[in-house]
Structure formats: structure tokens, C-alpha cells
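Residue numbers run from 1 in the order of the sequence given. Counting starts at 1 for both ligands and their atoms, in listed order.
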Amino acid sequence: MLALALAAILMLWTAVLLAFAGPLAARWREPMLRHPVLVIESDDWGAGPLAQADALTRLSALLQRVRDCSGHPAVMTLGMVMEVPDGPRIAATRCTEYHALPLADSRFDNVRAAMQAGIGAGVFAPQLHGQCHYWPPALLAAAQSDTAMRNWLTASDPVATENLPSPLQSRWVDASSLPSRALSSESIQQAVAAEAASYQAALGSVPQVAVATTFVWNDAVEAAWAQAGVEAIITPGRRATCRNAAGQPACVDATMLTGERSLSGQTYLVRDVYFEPALGHVPQRLVDGLQARTRQGRACLVETHRFNFLQALDASLATLEAGLNLALGACPNVRFLSPLELVRALQGRDPAWIETRLMPRLAAWHARLDEIPRFRRVARLSGLALPLAWLGRAA
Ligand SMILES: [Zn+2]
């Protein structure tokens with residue numbers, strides 16, 4: 001009788017494991033890191049408000065003050081935007097033609113110098129965000145019927161793209177009306193080739209890491225990025241390819257784990273901790289994110305944005321520095337890496353970074369299972385959660 005019951009339970013557990021085999025195996029294959037890793041990812045820098053120069057200089061000094069146990073300073077990525085609208089020239093055409101004010105313009109000398117100083121000091125890691133934080137024809141189309149849009153597009157000072165309606169901040173769809181319409185592969189290809197060239201002219205190297213504005217992109221974008229030299233793509237763990245009727249990112253056609261490859265061969269990274277001091281996020285949020293990712297054997301990629309440092313510079317700097325120091329206190333062996341260094345470690349299965357021992361891998365795997373939709377509930381109901389928890393603890 002007991003043997004029968006035992007056999008029934010084992011069969012039930014086997015059935016559960018088989019039903020979830022795909023996501024369970026993917027989380028076992030996903031590389032597990034030996035050390036806590038923290039990367040601050042910051043988007044929207046480049047052409048835009050001139051106050052960025054001061055913000056970047058102070059950020060660079062802050063990051064250089066915070067060092068990991070190997071002496072490496074904290075690293076912040078700069079998601080780069082290469083142009084904003086040239087308001088007066090657009091105004092002269094009554095919003096029928098788009099003209100750009102590029103980052104190379106002398107008005108941005110101080111912004112570029114502040115970036116270069118931080119890159120030289122090893123605290124800024126630039127990556128491609130886009131030639132601009134919008135699709136220019138979509139802005140012109142929207143401006144035909146929208147006064148606020150016309151005013152924004154024709155402003156005399158370099159504008160902040162944060163002030164655009166969110167759907168129009170997506171570069172790789174036409175969201176001038178909703179739901180958005182897809183762009184042709186040819187126009188995507190041409191646009192990426194052009195922006196990679198201007199990125200190289202400004203920063204001296206091809207873009208190796210890309211992060212799509214508002215996380216809306218598709219296979220055609222990835223293929224064009226691959227041709228331009230992009231090896232790594234920052235994702236939120238899923239890919240939205242459109243804006244729906246309500247203007248939200250939608251048409252999700254793929255989900256991804258760190259280390260998985262795109263169709264074009266790029267390595268995906270996942271950035272899923274949000275830290276926006278100007279929205280009230282406290283320093284402890286950084287620590288919580290780092291500790292949770294560390295238990296999962298994952299790097300902690302923290303998303304933040306320029307607006308924090310334009311709208312509330314002193315307070316945002318203080319919160320960021322407190323968060324980094326708290327993270328160092330909570331995880332003294334944390335390492336600061338750039339996304340590209342992380343990708344190289346993953347691709348090379350570098351034994352200095354990648355865990356290969358069975359028991360720590362089991363613990364990290366167990367910590368990843370709760371995120372699988374429905375698995376947690378099914379595991380609890382079937383009793384499978386017990387042996388899994390034992391595996392996770394034994395490690
Ligand atoms: Zn952005």
C-alpha cells in the first residue's frame with residue numbers, strides 16, 4: 001500500500017517536471033554567476049538639455065568614489081541618443097520637414113567632454129539607444145494635428161525627449177496613430193546603418209551593445225544591429241514589437257533569459273530592477289534587487305534614466321550613492337562590470353565568473369523557479385515543492 005502511494009507520488013512529480021520541462025531546463029542552462037554583479041544602466045543621454053554636462057561630471061565623480069573589492073569603480077552605462085530636433089529649422093518648414101541637431105554640434109561640447117571624461121575614467125560604458133528617441137516621420141505626422149507636439153518640435157533650445165508622449169518615444173514603430181504601424185525592414189536597415197555610423201563618429205568605436213528605446217523592437221532591428229556590429233542586446237526579458245490601441249508596449253513575440261541568443265546571434269542580457277530616485281525609489285531597493293539576483297546566480301542590471309539627474313540632481317545623486325554603498329555593505333564581494341564584460345564572461349564560460357559546481361547551481365536554479373508562471377502553485381499542490389526546497393537548502 002505504502003509502495004503504491006509512493007509510486008503514485010513519484011509519477012505525479014515526474015508528470016509535473018515533464019509539463020514544465022522547457023522553462024525548468026532553460027533556467028538550468030542559463031549561466032550562473034559565482035559573484036554578485038551590479039551594473040547601473042542609464043538611458044537617454046546624449047543630444048538634449050545642456051544641463052547634462054554638470055550631471056554627468058558629478059555622476060562620474062560619484063562612481064569613481066565607489067569601488068568593489070577588486071578596486072574596480074562602479075560602472076554606469078550611458079544609453080546614447082545621437083540627435084534631437086533642430087527646432088528653428090523645423091519651424092521654418094512649418095513642420096513639414098524634419099531637421100536634426102546632432103550630438104556633434106558645438107552646443108554639446110561640454111556634454112561630450114563630460115561623457116568622454118567618464119569613459120576615460122572607466123565609469124561610463126556607452127551603448128546605442130538610437131539616433132533619436134523617436135521615429136522622425138511619426139513626429140511630423142503627429143505634429144499635423146497636435147499643437148503641443150508642434151511646440152515641442154520647434155523649440156529653440158535642445159529638447160528633452162522625456163517630455164514626448166510615451167508611444168512616440170518608441171523608435172522602431174510608427175506610433176503617430178494607435179495602434180502603431182510596423183516600419184519596413186528597409187527603412188529600419190537604413191536607419192540603423194546611419195545611427196551606427198554616427199555613434200562610431202562620436203565615440204570612436206562601433207556600438208557593441210544596444211538597448212531599444214522604450215523596449216520596443218523586432219527581428220528586423222536585431223538583424224540590422226548585427227550588421228552594424230552589435231553583439232549584445234539589453235532586454236527586460238521579453239520583446240514588445242508594437243504599441244497597442246491604448247499606447248502601451250504590446251505584441252510580445254519573444255521572452256528571453258540572460259545568455260540566450262537572438263536569431264541574428266546577439267547575446268541577450270536581462271535588466272529588470274528599476275531604480276528611479278526621482279520617483280521615490282529608496283537606496284534599499286538596489287540592495288534588495290542585488291540580493292535577489294545573486295541568489296538566482298544572476299547579474300543585477302539596474303535600470304535608471306537621465307530624468308532623475310535632470311529633475312532632481314542632488315537628491316538623485318545622494319540616493320544612488322547611498323544605494324551603491326549599501327549594496328557594497330550587504331554584498332562585500334559584489335563586482336562592478338560593464339554589460340560587454342559580462343557578455344564576454346558568459347560567452348567564454350569564463351570559470352572565474354561562471355559557477356560550475358553542482359550544489360551552488362542547484363541553489364541558484366531553485367531560486368529561479370518561482371518566476372515560472374503557475375509552476376510554484378502546481379509544485380506546492382503536488383508536494384514537489386518539498387524536495388525542491390530541500391535541494392535548494394542543501395546546496
Ligand atoms: Zn530611453
Measure up the Trp172 and Trp135 rings against each other and bin them: parallel (under 30°), tilted (30 to 60°), perpendicular (over 60°).
tilted

Main chain of Ala142, side chain of Ser176: is a donor-acceptor contact present, judged purely on distance under 3.5 Å?
no

Mind listing the protein N/O/S atoms less than 2.8 Å away from the Zn ion (ligand 1)? Waters don't count.
Asp44 OD1, His129 NE2, His133 NE2

Residue pairs meeting side-chain hydrogen bond (donor to acceptor under 3.5 Å, both in side chains), one or both in residues 332-342, sequence neighbours left out, come to Ser338-Glu341

Using modelled atom types and a 3.5 Å cut-off, is there a donor and acceptor pairing between side-chain atoms of Glu355 and backbone atoms of Arg357?
yes

Could you grab the distance from atom CD1 of Ile40 to atom CE of Met76, nearest 0.5 Å is fine?
8.5 Å

I would like to know whether Leu78 and Met115 meet side-chain contact (heavy atoms from CB on, under 4.5 Å); could you show each step before the answer?
CA-CA 9 Å; Leu78 300 181; Met115 280 176 178; 3.9 Å; yes

